[in-house]
Structures are given as structure tokens and as C-alpha cells.
Amino acid sequence: MAWNPEVYDKFKDERSAPFFDLLKLVDDTKDNMSVVDLGCGTGELTSKILDYLRDSKVLGIDSSAEMLEKAKHFETSRLHFEKRTIEEQLNLNDTFDLIISNAAIQWCDNHKELFPRIISKINKGGQLAVQIPSNHEFIVHQLLRKVAENEPYKTVYNSWKREYTVLKIEDYAEILYKNNGTEIVVFEKVFPHVMEDAEAIFSWASGTAMIPYIEKLSDESLKENFKQDYKNELKNIFPESPVFYPFKRTFISAKF
């Protein structure tokens with residue numbers, strides 16, 4: 001997908017808060033750990049791992065050239081970045097002491113098969129730490145699906161619908177258990193964001209949730225019409241200012 005780092009970073013504070021909650025789940029008592037960040041984005045948050053884990057060597061991978069261009073700024077002798085998808089990374093023979101992923105795995109298919117593959121890349125005694133947005137049933141996402149069901153978009157999409165692959169928290173816990181995980185921690189947390197208005201919610205969604213819908217529309221005027229229709233739907237639902245935006249995220253951690 002084509003990511004825009006500037007749009008994504010408009011809400012840097014809100015998007016970074018879950019990462020630091022995720023870091024709190026990571027065992028920081030070991031030195032010289034090998035770490036991979038699956039879906040590192042601009043690399044800014046990935047660089048924080050260096051301060052948290054002493055003498056760790058960190059690899060950040062992402063499929064977006066635009067995001068990785070910004071990540072170059074954070075490269076050090078202990079941190080470097082490579083362009084590849086999460087699935088491509090899992091096809092390699094590399095294994096790590098810590099596999100971490102913040103707000104990226106939700107874009108991957110079939111989590112019941114994906115998580116065992118990820119776990120197989122963890123060294124003995126290593127850890128998995130993942131944060132996944134689980135807000136896909138909130139009205140902001142429902143409205144995207146609603147607009148997509150209207151013409152002329154419905155015809156252009158030709159039966160395409162965005163599939164949401166995020167599982168229930170108990171499903172993730174069971175996957176960890178069945179793959180010999182220990183010290184299993186899985187929970188859902190609501191982040192109480194306060195947005196200025198519906199326009200701000202549109203800006204938030206345009207940096208993530210709206211991207212697959214726009215990419216499927218090749219005509220530029222159609223893209224702009226979709227954005228405006230979606231914005232109008234948001235304004236109907238959120239006419240007030242400010243707007244309370246409860247954002248659910250799932251946290252997953254275990255040792256192996």
C-alpha cells in the first residue's frame with residue numbers, strides 16, 4: 001500500500017502511546033538481544049528499542065519505501081532497516097530473541113496461520129510482543145464500508161471488500177498456548193482519544209483505514225468523491241466539537 005508518512009504522523013502522539021505500552025511487556029533483563037520490528041514504519045519508534053534493550057541489535061522491516069526513506073535518519077550501528085513485507089521476512093531463515101510489531105500485523109491475512117509462523121522465528125527463551133488495532137467495528141470503519149457499498153464505488157470494487165483479520169483476544173491466547181508459549185499476556189485496551197472534530201477523524205482515517213479503499217479506485221476524481229462522501233458521513237455522525245474517539249487495541253505477549 002502507498003503510505004504517506006506526513007499524514008500518518010499528524011497524530012504522532014496518539015499513535016506512539018500504544019508502542020510504549022507494548023515496550024512495558026518486553027523483558028529488558030537480557031543483553032545483546034537480536035530484535036526484529038515487523039512493520040517499522042518511519043523507524044522513529046523502532047529506534048526507542050535501542051534505549052530500552054542494552055546492546056541489542058535491531059532490524060526494522062517495512063514494505064513502504066516512503067516510510068523507510070524517513071527511517072534512514074534513525075539508522076545506527078545497532079539499528080538498520082530493510083524493505084520487505086512481513087510475509088517475506090518470515091520466508092527467510094533468520095531467527096530473533098525478540099519479535100516485536102506495533103500496529104502492522106492487522107494488514108496480514110489469516111492470523112491463525114501467521115502467528116505460528118512468526119513464533120517459529122523466535123529463538124529459544126525469546127519473546128513475542130505485538131500490538132494490533134482492534135477497532136474495526138467502530139463507526140469510523142463501518143462508514144467506510146457503507147460508502148464503499150454505494151454507487152459508483154460498488155461497481156468499481158467489483159465485490160471486493162476489505163477483510164478484517166484481527167481475532168478475539170481469547171483466540172490469540174489459545175494460539176500462544178498451543179505453540180508452547182509461557183508467561184502469556186493478552187488484553188485489549190481502549191485509548192481515549194479526543195479529536196477536534198469530524199475533519200480530524202477523517203485525517204486520522206486517511207492515514208490508515210481509508211488507504212485500501214482509495215487504492216482500489218484508479219480514477220482520481222472518483223478518489224476525491226469517495227473522500228468527500230466519507231467526510232460527509234463522518235460529519236453527520238460527529239457534528240460536535242470536540243469528539244471522543246475510543247480506540248481499541250489488542251496487546252499480545254509470550255515467551256517461547
Side-chain angles (χ1 to χ4, degrees), residues 1-28 30-109 111 114-115 117-123 125-133 165-166 207-208 211 249-256:
M1 294 185 295
W3 291 85
N4 186 318
E6 283 68 35
V7 173
Y8 187 85
D9 277 349
K10 280 185 179 180
F11 300 94
K12 183 184 293 187
D13 291 343
E14 290 87 350
R15 296 194 195 279
S16 63
F19 178 80
F20 293 105
D21 280 359
L22 183 62
L23 270 186
K24 293 175 184 177
L25 298 177
V26 173
D27 182 358
D28 64 348
K30 297 180 180 179
D31 296 333
N32 302 310
M33 293 179 66
S34 59
V35 183
V36 64
D37 182 3
L38 303 179
C40 63
T42 63
E44 183 172 0
L45 293 176
T46 310
S47 69
K48 306 299 182 184
I49 299 173
L50 301 180
D51 299 326
Y52 193 78
L53 299 176
R54 296 176 298 277
D55 299 320
S56 58
K57 298 290 179 64
V58 183
L59 166 65
I61 65 108
D62 203 280
S63 62
S64 169
E66 295 83 3
M67 291 291 199
L68 291 174
E69 185 63 32
K70 294 198 71 172
K72 289 180 181 178
H73 174 74
F74 300 101
E75 284 194 324
T76 71
S77 60
R78 293 172 52 206
L79 171 62
H80 71 282
F81 301 94
E82 295 179 9
K83 183 180 182 298
R84 64 176 68 101
T85 66
I86 292 173
E87 292 83 357
E88 287 169 343
Q89 178 64 43
L90 297 178
N91 286 333
L92 302 178
N93 293 324
D94 302 354
T95 59
F96 301 88
D97 299 317
L98 170 66
I99 295 182
I100 191 168
S101 183
N102 182 64
I105 290 179
Q106 72 275 11
W107 299 106
C108 298
D109 295 333
H111 285 195
L114 179 73
F115 270 76
R117 290 185 64 200
I118 294 174
I119 292 167
S120 73
K121 303 299 180 178
I122 300 174
N123 294 329
Q127 184 178 0
L128 174 68
V130 173
Q131 182 272 122
I132 310 174
T165 60
V166 178
T208 51
I211 293 176
R249 296 179 182 271
T250 294
F251 290 80
I252 303 163
S253 174
K255 291 184 179 179
F256 296 90

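All residue numbers refer to positions in the sequence shown, counting from 1.
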Engineer: Quick one: list whatever passes salt bridge (charged side-chain N to carboxylate O under 4.0 Å, His left out) with K83, sequence neighbours left out.
Structural biologist: none
Engineer: Determine whether a donor-acceptor pair (N or O, by modelled atom type, separation under 3.5 Å) exists between the side chain of Q106 and the backbone of A104.
Structural biologist: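 The answer is yes, because a donor-acceptor pair under 3.5 Å joins these two groups.
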Engineer: Does a donor on one side chain sit under 3.5 Å from an acceptor on the other, for D27 and Q127?
Structural biologist: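 Per modelled atom types, D27 and Q127 side chains form no pair under 3.5 Å.
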Engineer: Taking salt bridge (charged side-chain N to carboxylate O under 4.0 Å, His left out) as the definition, give me every residue that meets it alongside R84, ordered by chain and number, with sequence neighbours left out.
Structural biologist: E82
Engineer: When rounded to the nearest 0.5 angstrom, what distance separates CG in L90 from CD1 in I119?
Structural biologist: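 Result: 11.0 Å between the selected atoms.
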Engineer: For the pair D62 (side chain) and G41 (backbone), establish whether a donor and an acceptor sit closer than 3.5 Å, ignoring hydrogens and angles.
Structural biologist: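 Yes; at least one donor-acceptor contact below 3.5 Å.
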Engineer: Who are the ring pair (Phe, Tyr, Trp, His ring centres under 6.0 Å) partners of F96, not counting sequence neighbours?
Structural biologist: none
Engineer: Dump the intermediate steps for side-chain hydrogen bond (donor to acceptor under 3.5 Å, both in side chains) on D37 and T46, then the final yes or no.
Structural biologist: CA-CA 7 Å; D37 182 3; T46 310; 2.6 Å; yes
Engineer: Report yes or no: does Q89 contribute a side-chain atom to a donor-acceptor pair with the main-chain N or O of I86 at less than 3.5 Å?
Structural biologist: no
Engineer: Give the minimum heavy-atom separation between T95 and S120, together with the two atoms involved.
Structural biologist: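 So the two residues come closest at CG2-O, 4.5 Å.
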Engineer: Are the side chain of N102 and the backbone N or O of Q131 linked by a donor-acceptor pair below 3.5 Å?
Structural biologist: no
Engineer: What's the verdict on side-chain contact (heavy atoms from CB on, under 4.5 Å) for L128 and F115, showing C-alpha distance, side-chain angles and the deciding distance?
Structural biologist: CA-CA 10 Å; L128 174 68; F115 270 76; 4.0 Å; yes
Engineer: Has the side chain of Y52 got a donor or acceptor atom that lies under 3.5 Å from a matching backbone atom of L23?
Structural biologist: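 Yes, the answer is positive, given that a donor and an acceptor are paired below the 3.5 Å cut-off.
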Engineer: Please name all residues satisfying ring pair (Phe, Tyr, Trp, His ring centres under 6.0 Å) with F81, sequence neighbours left out, ordered by chain then number.
Structural biologist: none
Engineer: Enter the distance from M33:CE to L53:CG here, rounded to the nearest 0.5 Å.
Structural biologist: 5.5 Å
Engineer: Let me see the working for V130 and I100 under side-chain contact (heavy atoms from CB on, under 4.5 Å), right down to the final yes or no.
Structural biologist: CA-CA 6 Å; V130 173; I100 191 168; over 6 Å; no
Engineer: Could you go step by step and tell me if I49 and L79 meet the side-chain contact (heavy atoms from CB on, under 4.5 Å) rule?
Structural biologist: CA-CA 9 Å; I49 299 173; L79 171 62; over 6 Å; no
Engineer: Going by distance alone, is a donor N or O of one side chain under 3.5 Å from an acceptor N or O of the other, for E66 and S64?
Structural biologist: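 Yes.
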Engineer: Between S101 (side chain only) and L38 (backbone N and O only), is there a donor and an acceptor less than 3.5 Å apart?
Structural biologist: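 Side chain of S101 to backbone of L38: a pair is present.
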Engineer: Specify the closest pair of heavy atoms between C108 and L114, including all atoms of both residues, with the distance to one decimal.
Structural biologist: CB-CD2, 3.5 Å
Engineer: Measuring from S34:OG to N123:CG, what's the distance to the nearest 0.5 Å?
Structural biologist: 5.0 Å
Engineer: Evaluate the side-chain proximity of F251 to P18: yes if any heavy-atom separation is below 4.5 Å, no if none is.
Structural biologist: yes
Engineer: Would you check if the side chain of S56 reaches a backbone N or O of V58 as a donor-acceptor pair within less than 3.5 Å?
Structural biologist: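 The answer is no, because no donor-acceptor pair under 3.5 Å joins these two groups.
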Engineer: Verify the distance criterion only: is there a donor paired with an acceptor across the side chains of T165 and D109 at less than 3.5 Å?
Structural biologist: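 The answer is no; no qualifying pair exists.
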Engineer: Taking all atoms of both residues into account, what is the closest heavy-atom pair of I122 and D97, and its distance?
Structural biologist: CG2-O, 4.3 Å
Engineer: Measure across V26 and A129 and return the closest heavy-atom pair with its distance rounded to 0.1 Å.
Structural biologist: CG2-CB, 3.9 Å
Engineer: May I ask you to test the L59-V35 pair for a side-chain heavy-atom distance under 4.5 Å?
Structural biologist: no
Engineer: Give me the atom names and distance for the closest heavy-atom approach of S47 to F74.
Structural biologist: OG-CD2, 3.9 Å
Engineer: Got a sec, which pairs hit salt bridge (charged side-chain N to carboxylate O under 4.0 Å, His left out) with one end in residues 48-58, sequence neighbours left out?
Structural biologist: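 Residue pairs passing salt bridge (charged side-chain N to carboxylate O under 4.0 Å, His left out), neighbours aside: D31-R54.
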Engineer: State, to 0.1 Å, how close N93 and K121 come at their nearest heavy-atom pair, and which atoms those are.
Structural biologist: CA-NZ, 4.2 Å
Engineer: Checking L45 against F20 for the side-chain contact (heavy atoms from CB on, under 4.5 Å) test, could you report, in this order, the C-alpha distance in whole Å, the side-chain angles of both residues, the deciding distance, and whether it holds?
Structural biologist: CA-CA 9 Å; L45 293 176; F20 293 105; 4.1 Å; yes
Engineer: Does D94 have any side chain to side chain donor-acceptor pair (under 3.5 Å) partners at least two apart in sequence or in another chain, and if so, which?
Structural biologist: none
